Amino acid sequence: MPELPEVETVKRGLEKLVITKVIKAIDNDNPKSFPNDPHAVQQFAIGSSIVSVSRRAKVLLIGLSTDYTLMVHLRMTGQLVYVGSERWGAGHPNESLVNALPDKSTHVMIEFSDGSHLYFNDQRKFGWVKLLPTALVPQDPFMQKVGPEPLEPEFSDEVFINRIRRRKGTSVKAAILDQTVLAGVGNIYADESLWGANIHPSAIVGDLTDTQLRLLKKEIVYVLKLSIEKGGSTDRNYVDAEGKKGNYIDFARVFRREGLDCPRCSTIIEKSRVAGRGTHTCPSCQKK
DNA sequence: CACTTGACCTGTCCGC
DNA sequence: TGCGGACAGGTCAAGT
């Protein structure tokens with residue numbers, strides 16, 4: 001589920017909600033969701049306070065006062081939801097979810113000393129919460145190989161073109177989904193940005209011009225920024241740190257709009273399969 | 001090496 | 001209504 005804009009939205013929410021909170025207890029029901037040595041958890045997490053929340057690619061990093069970090073990947077269906085000690089008042093945008101937590105998909109539960117909680121929910125159990133020394137975060141194999149952050153200034157046209165051209169034999173959709181090319185694009189923003197650039201997802205990278213790739217890079221940055229403004233995309237499971245849904249999907253041009261009109265030319269949007277993923281295109285705007 | 005496919009899980013939806 | 005199969009936003013290991 002969550003791609004860069006969703007993880008960024010969770011990060012911004014958590015930053016406001018959990019900094020300075022002291023961890024009183026952590027429970028989990030599944031070692032895949034919480035693959036940590038209980039002794040390390042006891043020694044370096046329990047009793048520590050949260051000093052920072054940051055994001056790299058689709059990974060959330062919750063910094064602790066012990067110089068350890070809780071590294072969180074939401075994968076497909078993960079949620080990280082904060083619930084205050086008095087819950088949320090009536091009228092909360094997602095009252096039914098928040099007030100029902102924990103539920104059967106809650107796999108990690110962090111209790112703070114003030115009685116509030118942070119719940120890690122994950123229907124499909126692909127996500128995880130790992131505790132490790134902060135100094136070792138950069139040594140993580142994924143962190144070692146992940147590409148540049150698309151919303152940082154160093155993500156220039158040259159950087160993007162050089163990196164994506166390493167994948168010259170593959171489809172452009174597979175290339176932008178490749179986290180070593182750039183960080184944070186998933187299926188939604190791949191389809192949305194390719195539509196924006198008038199490029200067919202199955203086009204081979206080696207057949208695209210630098211002009212097309214520059215436009216694609218611009219569209220990737222555009223859709224990611226727009227989605228952050230809208231609080232991300234809720235297609236199924238995604239919610240932010242307060243349990244609220246995102247609104248980008250209302251602004252999507254092709255994603256999940258098969259059978260509807262292309263907003264640019266009114267041709268009916270099609271759904272197909274590219275790079276093993278459900279793929280949405282306008283057959284008129286995005287010629288093969 | 002470059003690239004593609006299947007696996008990891010659970011839930012939901014669609015066709016018979 | 002029940003059942004089987006396909007599919008769902010990510011990543012990695014194993015295969016070609």
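This structure is a prediction, so every number in the text was calculated from the model and none was measured. Chain naming here is simple, since letters A, B, ... match the order of the sequence lines and numbering starts at 1 in each.
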Next on the checklist: I want to check a possible cation-pi pair here: K245(A) against Y238(A), using under 6.0 Å from ring centre and within 45° of the ring axis as the test.
Outcome noted: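 No, K245(A) does not sit over the ring of Y238(A).
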Checklist entry - Excluding sequence neighbours, so at least two apart, what forms side chain to side chain donor-acceptor pair (under 3.5 Å) with N30(A)? => result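 Only S33(A) meet the side chain to side chain donor-acceptor pair (under 3.5 Å) criterion with N30(A).
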Next on the checklist: Using a 4.0 Å heavy-atom cut-off, does G127(A) contact any base of the nucleic acid, only the sugar-phosphate backbone, or nothing at all?
Outcome noted: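 If one applies the 4.0 Å heavy-atom cut-off, G127(A) turns out to touch nothing in the nucleic acid.
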Next on the checklist: Quick test of your reading: applying salt bridge (charged side-chain N to carboxylate O under 4.0 Å, His left out), list the pairs with at least one residue in residues 271-288 of chain A, sequence neighbours left out, ordered by first then second residue.
Outcome noted: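 Non-adjacent pairs meeting salt bridge (charged side-chain N to carboxylate O under 4.0 Å, His left out): zero.
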Checklist entry - D235(A) and S233(A): side-chain donor and acceptor closer than 3.5 Å? => result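 Per modelled atom types, D235(A) and S233(A) side chains form no pair under 3.5 Å.
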Identify all pairs in which a protein N or O lies below 3.5 Å from an N or O of nucleotides 7-9 of chain B, and state each distance.
unit_1, atom_1, unit_2, atom_2, d
dC9(B), OP1, K32(A), NZ, 2.2
dC9(B), O2, R124(A), NE, 3.1

Next on the checklist: Output the pairing pattern of DNA chain B as a dot-bracket string, 5' first, Watson-Crick or G-U wobble with both distances under 3.5 Å, | for cross-strand pairs, [ ] for crossing pairs.
Outcome noted: .|||||||.|||||||
Item to check | Phosphate OP1/OP2 of dT4(B): any T170(A) side-chain N/O under 4.0 Å | outcome: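 For dT4(B), OP1/OP2 do have a side-chain N/O of T170(A) under 4.0 Å.
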Next on the checklist: Using whole Å, what does the distance between atom P of nucleotide dT10(B) and atom CG of D103(A) come to?
Outcome noted: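 Taking atom P of dT10(B) as the reference, CG of D103(A) is at 14 Å.
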Item to check | Nucleotide nearest R256(A) (side chain, heavy atoms from C-beta), chosen from dA8(C), dG11(B), dG10(C) | outcome: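 Taking heavy atoms from C-beta onward, the closest nucleotide is dA8(C).
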Item to check | Salt bridge K218(A)-D157(A), side-chain N to carboxylate O under 4.0 Å | outcome: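 No, no charged N to carboxylate O under 4.0 Å.
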Checklist entry - Taking CG from L74(A) and C1' from dT10(B), how many angstroms apart are they, rounded to a whole number? => result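 Spelled out: CG on L74(A) to C1' on dT10(B) is 17 Å.
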Item to check | Nearest-Å distance once atom P is located in both dA14(C) and dC9(B) | outcome: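 Looking at atom P only, dA14(C) and dC9(B) are 15 Å apart.
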Item to check | Contact under 4.0 Å: K271(A) side-chain N or O vs dA8(C) OP1/OP2 | outcome: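 So the side chain of K271(A) is within the cut-off, an N or O lying under 4.0 Å from OP1 or OP2 of dA8(C).
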Item to check | Residue of the set Y189(A), F255(A), W195(A) for which ring-ring contact (aromatic ring centres under 6.0 Å, His included) holds with H280(A) | outcome: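 Looking at Y189(A), F255(A), W195(A), the match for H280(A) under the ring-ring contact (aromatic ring centres under 6.0 Å, His included) is F255(A).
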Next on the checklist: Holding to side chain to side chain donor-acceptor pair (under 3.5 Å), I want the full list of residues that pass it with Q42(A), two or more places apart in sequence or in another chain.
Outcome noted: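 For Q42(A) there are no side chain to side chain donor-acceptor pair (under 3.5 Å) partners, ignoring immediate neighbours.
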Checklist entry - In whole Å, what separates the P atom of dG5(C) from that of dA7(B)? => result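 About 15 Å, rounded to a whole number of Å.
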Checklist entry - Would you call E149(A) and R55(A) a salt bridge, using N to O less than 4.0 angstrom? => result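 Answer for the salt bridge query: yes.
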Next on the checklist: Do the side chains of D210(A) and R165(A) get close enough for a salt bridge, i.e. N-O under 4.0 angstrom?
Outcome noted: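 So D210(A) pairs with R165(A) through a salt bridge.
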Checklist entry - Would you say H73(A) reaches dT11(C)'s phosphate, i.e. side-chain N/O to OP1/OP2 under 4.0 Å? => result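 So the side-chain polar atoms of H73(A) do come within 4.0 Å of the phosphate oxygens OP1 or OP2 of dT11(C), strictly under.
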Item to check | Lys/Arg N to Asp/Glu carboxylate O, E8(A) vs R12(A), below 4.0 Å | outcome: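 Salt bridge flag = yes for R12(A) with E8(A).
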Item to check | Electrostatic pair R75(A)-D122(A), nearest N-O below 4.0 angstrom | outcome: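 The answer is no: the pair does not qualify as a salt bridge.
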Checklist entry - What are the residues of residues 137-145 of chain A, sorted by number, that bring a heavy atom to within less than 4.0 Å of DNA chain C? => result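 Correct list: F142(A), K145(A).
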Next on the checklist: Under 4.0 Å, heavy atoms only, any strand: does D235(A) hit a base, just the sugar-phosphate, or nothing?
Outcome noted: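 Result for D235(A) = base.
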Next on the checklist: By the 4.0 Å heavy-atom rule, please label G186(A) as base, sugar-phosphate, or nothing.
Outcome noted: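 Sugar-phosphate contact only - G186(A) comes under 4.0 Å of backbone atoms but never of a base.
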